[in-house]
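Single-structure report; data block below.
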Amino acid sequence: MSDSSTARAEIGVTGLAVMGSNLARNFASKGFVTAIHNRSYAKTEALIKDHGGDGDFIASESAADFVASLAVPRKVIIMVKAGGPTDAVINELSELLEPGDILVDGGNAQFEDTRRREEALREKGIHFVGSGISGGEEGALLGPSIMPGGSAESYASLGPILEKISAHVDGVPCCTHIGTDGAGHFVKMIHNGIEYADMQLIAEAYDLLRSGAGLNPAEIAEVFSEWNKGELESFLVEITAEVLKQVDAETGKPLVDVILDAAGQKGTGTWTVQTALNLGVPVSGIAEAVFARGLSSAAAQRAAAQKVNLPGPSSPWEVQDKDAFIESVRLALYASKIVAYAQGFDVIAAGAKEYGWDIDNGALARIWRGGCIIRAVFLNRITEAFEETPDLGSLLFAPYFTEVVSRAQDSWRSVVAGAAKSGIPVPGFASSLAYYDGLRSERLPAAVIQGQRDFFGAHTYKRIDKEGTFHTLWSGDRTEVDA
Ligand code: 6PG
């Protein structure tokens, strides 16, 4: 039980690895009395020693003292590893908290876990908030994008605190209540899926500029810096230029040439694709990004392929007009990126329907404008598009984006075709274009698939000209019967 004279912390953070301690410092520096706790007290002490001057911290060695230092209703943010460690902390704290208190999981949890935890804690009267927090270490310290789920009641007291420490764009906080139970972690997962796609597309653009136009990393860095001044302005384009500029001190080579070309992952991109598959939503751009990381990391198979010497095209890409080529790649990147966002928002719409969340896509795009990894200038356009037409159907249907793809499509097609001809793998660009063409096709070859399914398995089909379900007697006289 708290003693009201000592229980004065407005927010508590448990789990003081880099993200947790930076978040705690952010709260304290914004004027909140911040309770801090970590499994081993050494980290808590280190935070006080190194950054105690950031604000008013209350450090506790035990979980009980930590909870006792918090003002009611208590608000605790858990910043520990997703999975088992999160469950362990929740179990310990939930024994110490009281009905009305708010427990926030700020890690990258699986939204289904969040739904389970929220339900269990709701029975005890504790508000469990699964919150996406994006922006990496620096974001946590200076202002992340925050995506809290959980009850509206919990947001009423927690929201203003989170909004204050979040990034701000045009004075608007990059934090909003996303929806009940697992909605916050769901949209964070999609954020990361889009992040994977965006990173893959930028990497493909780099590959095209290098293998197609023969530019070196420093020159490509210049191109990205230039792109970052226009409609592609974004955190990921900006940092790519920095990465490509970097020279390895040991070898004098561009750093990118000495980094092993095997992309790792913690799994949120894979979760996005798994979830989308379960919901039946095509996220081909995001899936290709996950698969490309998988292929890059298949070291033994790639080494074996080098030995087999699988044949490629005989001649390289002969780019005549470098400037025109660079502009084509830029447009192809922009169009493919729009497809990745469109697919991501489609999964959010399907998830909202499936789980009963009232997600405001416009507000979501607004809180992704700053603080997070996928922050980009064009999120303003996405916000506008959803504000104008909340049930847009697809981001590609918004006039602004339709105009971009119509402006980009010739370049998009020539880049993908040229890459295929010259053997440069562009799975993100190519699948996004294929998705776009599939979406706009009046008729798809799915009719053939339905015929095949009916042929070998009597799976039936529908007709375009009348109601009902039909089957052709394929092994009989091939007449059509009602099914
Ligand atoms: C963020 C990031 C972050 C993510 C890393 C690494 O929004 O701050 O999405 O949450 O964990 O980007 O992700 P991978 O290791 O899976 O690439």
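In listed order, ligands and their atoms are each counted from 1. Since the model is a prediction, treat every value here as computed from it, not as a measurement.
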What atoms of ligand 1 come within less than 4.0 Å of a heavy atom belonging to [X]?
{"X": "I373", "result": "1 (C), 2 (C), 7 (O), 8 (O)"}
{"X": "N192", "result": "4 (C), 7 (O), 9 (O), 10 (O)"}
{"X": "H191", "result": "7 (O)"}

### Separation between CG of L209 and CG of N216, rounded to the nearest 0.5 Å
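The CG atom of N216 is 11.0 Å from CG of L209, to the nearest 0.5 Å.
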### Query
Given side chains that start at C-beta, do those of S296 and D261 come closer than 4.5 Å, heavy atoms only?
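Contact flag for S296/D261 side chains = no.
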### Student check: side-chain heavy atoms of Y355 and E112 closer than 4.5 Å
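Contact flag for Y355/E112 side chains = yes.
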Among all the protein's non-hydrogen atoms, which is closest to [atom], and how far away is it?
{"atom": "atom 12 (O) of ligand 1", "result": "E195 OE2, 2.7 Å"}
{"atom": "atom 16 (O) of ligand 1", "result": "Y196 OH, 2.5 Å"}
{"atom": "atom 11 (O) of ligand 1", "result": "N108 ND2, 3.3 Å"}
{"atom": "atom 7 (O) of ligand 1", "result": "S134 OG, 2.4 Å"}

### Query
Side chain or backbone of R293 under 4.0 Å from ligand 1, or both, or neither, by non-hydrogen atoms?
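For R293, the contact with ligand 1 is made by the side chain alone.
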### Task
Could you verify whether a donor N or O on one side chain and an acceptor N or O on the other, from T251 and D248, lie under 3.5 Å apart?
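Present: a donor and an acceptor within the cut-off.
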### Query
So, Y206 versus R210: side-chain donor-acceptor pair below 3.5 Å or not?
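Judged by distance alone, the side chains do pair up.
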### Query
Which option, K188, M19, K266, M147, owns the non-hydrogen atom nearest atom 3 (C) of ligand 1?
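Nearest heavy atom to atom 3 (C) of ligand 1 lies in K188.
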### Query
Could a heavy atom of G135 be found less than 4.0 Å from some atom of ligand 1?
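G135: in contact with ligand 1 (<4.0 Å).
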### Task
Measure the distances from the heavy atoms of G136 to every atom of ligand 1 and state whether one is below 4.0 angstrom.
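Yes; G136 lies near enough to ligand 1 that a heavy-atom distance drops under 4.0 Å.
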### Query
Got an N/O contact under 3.5 Å between G264 and ligand 1?
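Min N/O separation from ligand 1 is not below 3.5 Å for G264.
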#### Entry: CA sep, side-chain torsions, deciding dist, call: E387, R366, salt bridge (charged side-chain N to carboxylate O under 4.0 Å, His left out)
CA-CA 10 Å; E387 271 171 359; R366 198 176 320 118; 2.8 Å; yes
#### Entry: Test salt bridge (charged side-chain N to carboxylate O under 4.0 Å, His left out) applied to E231 and R381, step by step
CA-CA 10 Å; E231 55 195 2; R381 302 299 194 164; over 6 Å; no
### Task
Taking the six-membered ring of F128 (Phe, Tyr or Trp), confirm whether the NZ or CZ of R122 is under 6.0 Å from its centre and within 45° of its axis.
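Because its charged atom misses either the 6.0 Å distance or the 45° angle limit, R122 does not stack over F128.
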